[in-house]
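Data first, discussion second: the structure below is written as structure tokens.
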Amino acid sequence: MRIATWNVNSLNVRLPHLLDFLAAEAPDMVALQETKCPDERFPRVEIEAAGYHVAFAGQKAYNGVALISRTPINACLFDLPGIVDPQRRFLAATIGELRVVNLYVPNGEAVGSEKFGYKMAWLDALIAFLRDELVRHRRLIVLGDFNIAPGEEDTHDPKRWEGGIMCSPSERSRFFELLDLGLIDTVRELRPESALYTWWDYRLNAFARNWGIRIDHVLCSTDLQAEDCEVGKKWRAQERPSDHAPLTVQFAGEIAG
DNA sequence: ATGGTTGTACGACAA
């Protein structure tokens, strides 16, 4: 099975790219973030016509997550337990024999800001939730835009990013707490030596210079085996791209189990 | 590298 995550930064603008991606890559499941799309305007018809089921949690202008799957999507949970959050950043669901948790972790703006405190509280609630979820589900995938670059090798310029937002010790320690629960960073496991990025700033021609960072992740429980991964840089190179590339991970076996 | 771009929605905020 092939599982992808993609922060599309407006599903309305990026729907043609998404439909091209589905046709070209034929993933079994895609987790989307930053759909910026209220539920009543979600492009259900177009995505279902491509042969996929949909589940979504959107809001006007900001945030918004969705799941797109060839296999029906069941038992959706739209709110991260343990925190009251009107922002649509979380969508957990059961797909075949998989439990999938799609995340759009708060950006945090700047270390020490009010939004940074929200990010830390959100991550702490996530860690508590996933500790329970791993007890309930042996085949668990946690994926999305984490807004955390786990290590120095995950930025194009460690000195520039050191201690800043997405790279601070408190954010990185939360990421490693997630791994310590029993989750695997599939991309780092598959490509231990590679500089792989998933996000490049729109500004300063950052993509052409490969000034990127790795903040989108696919984590899995130890019952699952990741076989291969790919960052879809060609989608970041399109006209009017998202600032994130899609990340696809190939797992052994099928969604049905 | 300390500026700059994009999306939403039409000014200002979020990223």
Side-chain angles (χ1 to χ4, degrees), chain A residues 5-21 31-43 46 56-66 83 85-90 102-123 126 143-150 152 154-168 170-172 174-175 195 197-217 231-247:
Chain A
T5 181
W6 196 2
N7 179 322
V8 289
N9 187 19
S10 168
L11 183 52
N12 180 46
V13 173
R14 238 64 70 187
L15 182 60
H17 292 187
L18 175 65
L19 295 175
D20 287 349
F21 176 76
L32 302 177
Q33 304 86 35
E34 281 205 89
T35 57
K36 300 184 174 181
C37 179
D39 288 348
E40 62 273 17
R41 297 221 307 267
F42 191 89
E46 293 88 339
F56 42 83
Q59 64 179 91
K60 194 169 80 168
Y62 301 116
N63 309 311
V65 287
I83 190 168
D85 186 8
Q87 300 188 25
R88 301 295 79 191
R89 298 177 174 277
F90 176 92
N102 178 15
L103 308 175
Y104 175 45
V105 175
N107 171 282
E109 190 182 32
V111 175
S113 68
E114 189 176 329
K115 287 174 186 166
F116 188 78
Y118 164 56
K119 182 177 194 174
M120 291 299 111
W122 206 96
L123 287 167
L126 177 67
L143 77 174
D145 178 359
F146 288 62
N147 272 314
I148 302 173
E152 289 198 345
D154 296 315
T155 74
H156 64 94
D157 182 351
K159 285 197 171 57
R160 180 197 179 278
W161 287 92
E162 184 179 12
I165 195 66
M166 300 188 278
C167 298
S168 68
S170 44
E171 290 162 275
R172 286 176 165 169
R174 292 323 191 276
F175 186 85
Y197 310 132
T198 63
W199 176 84
W200 299 260
D201 200 302
Y202 283 124
R203 296 166 287 190
L204 296 167
N205 209 17
F207 181 64
R209 294 159 137 154
N210 200 26
W211 287 352
I213 60 177
R214 186 174 74 99
I215 56 175
D216 300 273
H217 305 293
V231 176
K233 286 186 76 173
K234 67 171 274 196
W235 304 98
R236 181 63 180 79
Q238 301 275 310
E239 287 220 16
R240 256 194 126 183
S242 169
D243 45 355
H244 295 249
L247 169 63

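Throughout, protein chains are lettered first and strands after them, A, B, ... in sequence-line order, and every chain is numbered starting at 1.
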- Item | Euclidean distance, atom CG of residue A/D201 to atom P of B/dA15 [Å, nearest integer] | 14 Å

- Rounded distance in Å - CG (A/N7) to P (B/dA15): 11 Å

- Using whole Å, report how far CD of A/Q59 lies from C1' of B/dA14. 12 Å

- Query: Which part of the nucleic acid does A/R209 contact within heavy-atom distance under 4.0 Å: base, sugar-phosphate only, or nothing?
  - Reply: nothing

- Item | Side-chain donor or acceptor of A/H217 paired with backbone N/O of A/I148 under 3.5 Å | yes

- Have a look at A/R236 and say if it touches a base, only the backbone sugar-phosphate, or nothing, with a 4.0 Å heavy-atom cut-off. nothing

- Using a 4.0 Å heavy-atom cut-off across all strands, classify A/Y104 as base, sugar-phosphate, or nothing. sugar-phosphate

- Using the test salt bridge (Lys or Arg N to Asp or Glu O under 4.0 Å), find all partners of A/R203 that sit at least two apart in sequence or belong to another chain. A/D201

- Item | B/dC10 and B/dA14, which share atom name P, separated by this distance in whole Å | 15 Å

- Item | d(CG, A/D145; C1', B/dA15) in whole Å | 10 Å

- Value in whole Å for how far the C1' atom of B/dA15 lies from CG of A/L204: 15 Å

- Query: Between residues 154-162 of chain A and DNA chain B, which residues have a heavy-atom gap below 4.0 Å?
  - Reply: A/H156, A/R160

- Qualifying residues under side chain to side chain contact (heavy atoms under 4.5 Å, CB included), relative to A/Q238, sequence neighbours excluded: A/H17, A/K234, A/W235

- Message: Determine whether a donor-acceptor pair (N or O, by modelled atom type, separation under 3.5 Å) exists between the side chain of A/S168 and the backbone of A/V111.
- Response: no

- Message: If the condition is side-chain hydrogen bond (donor to acceptor under 3.5 Å, both in side chains), which residues does A/N107 pass it with, not counting sequence neighbours?
- Response: none

- Please measure how far the P atom in B/dA12 lies from the corresponding atom in B/dA1, and state the result in whole Å. 32 Å

- Measure from CD on A/Q87 to P on B/dC13 and round the result to the nearest Å. 16 Å

- Please tell me which of A/N147 and A/Y202 maps to the more 5' nucleotide of DNA chain B, matching each residue to the nucleotide holding its nearest heavy atom. A/Y202

- What residues, two or more places apart in sequence or in another chain, satisfy side chain to side chain contact (heavy atoms under 4.5 Å, CB included) together with A/P241? A/R236

- Task: Send over the distance from A/N107 CG to B/dG7 C1', rounded to a whole Å.
- Result: 15 Å

- Task: Could you tell me which residues satisfy salt bridge (Lys or Arg N to Asp or Glu O under 4.0 Å) with A/D145, sequence neighbours excluded, listed by chain and number?
- Result: none

- Message: Donor-acceptor check, side chain of A/E171 to backbone of A/M166, threshold 3.5 angstrom: yes or no?
- Response: yes

- Please identify each residue that fulfils salt bridge (Lys or Arg N to Asp or Glu O under 4.0 Å) with A/R88, with sequence neighbours left out. A/D79

Cut-off 3.5 Å, no hydrogens considered: what does the side-chain donor-acceptor table look like for residues 204-213 of chain A, sequence neighbours left out?
{"unit_1": "A/R209", "atom_1": "NH1", "unit_2": "A/L204", "atom_2": "O", "d": "2.5"}
{"unit_1": "A/N210", "atom_1": "OD1", "unit_2": "A/W200", "atom_2": "NE1", "d": "2.9"}

- Message: Distance check, C1' atoms only: B/dA9 and B/dG3, in whole angstrom units.
- Response: 25 Å

- Query: Between A/F116 (CZ) and B/dA15 (C1'), how many Å, whole number?
  - Reply: 16 Å

So which protein N/O to nucleotides 8-11 of chain B N/O distances come out below 3.5 Å?
{"unit_1": "B/dT8", "atom_1": "OP1", "unit_2": "A/S10", "atom_2": "OG", "d": "2.2"}

- Between B/dT2 and B/dG7, how far apart are the C1' atoms? Round to whole Å, please. 23 Å

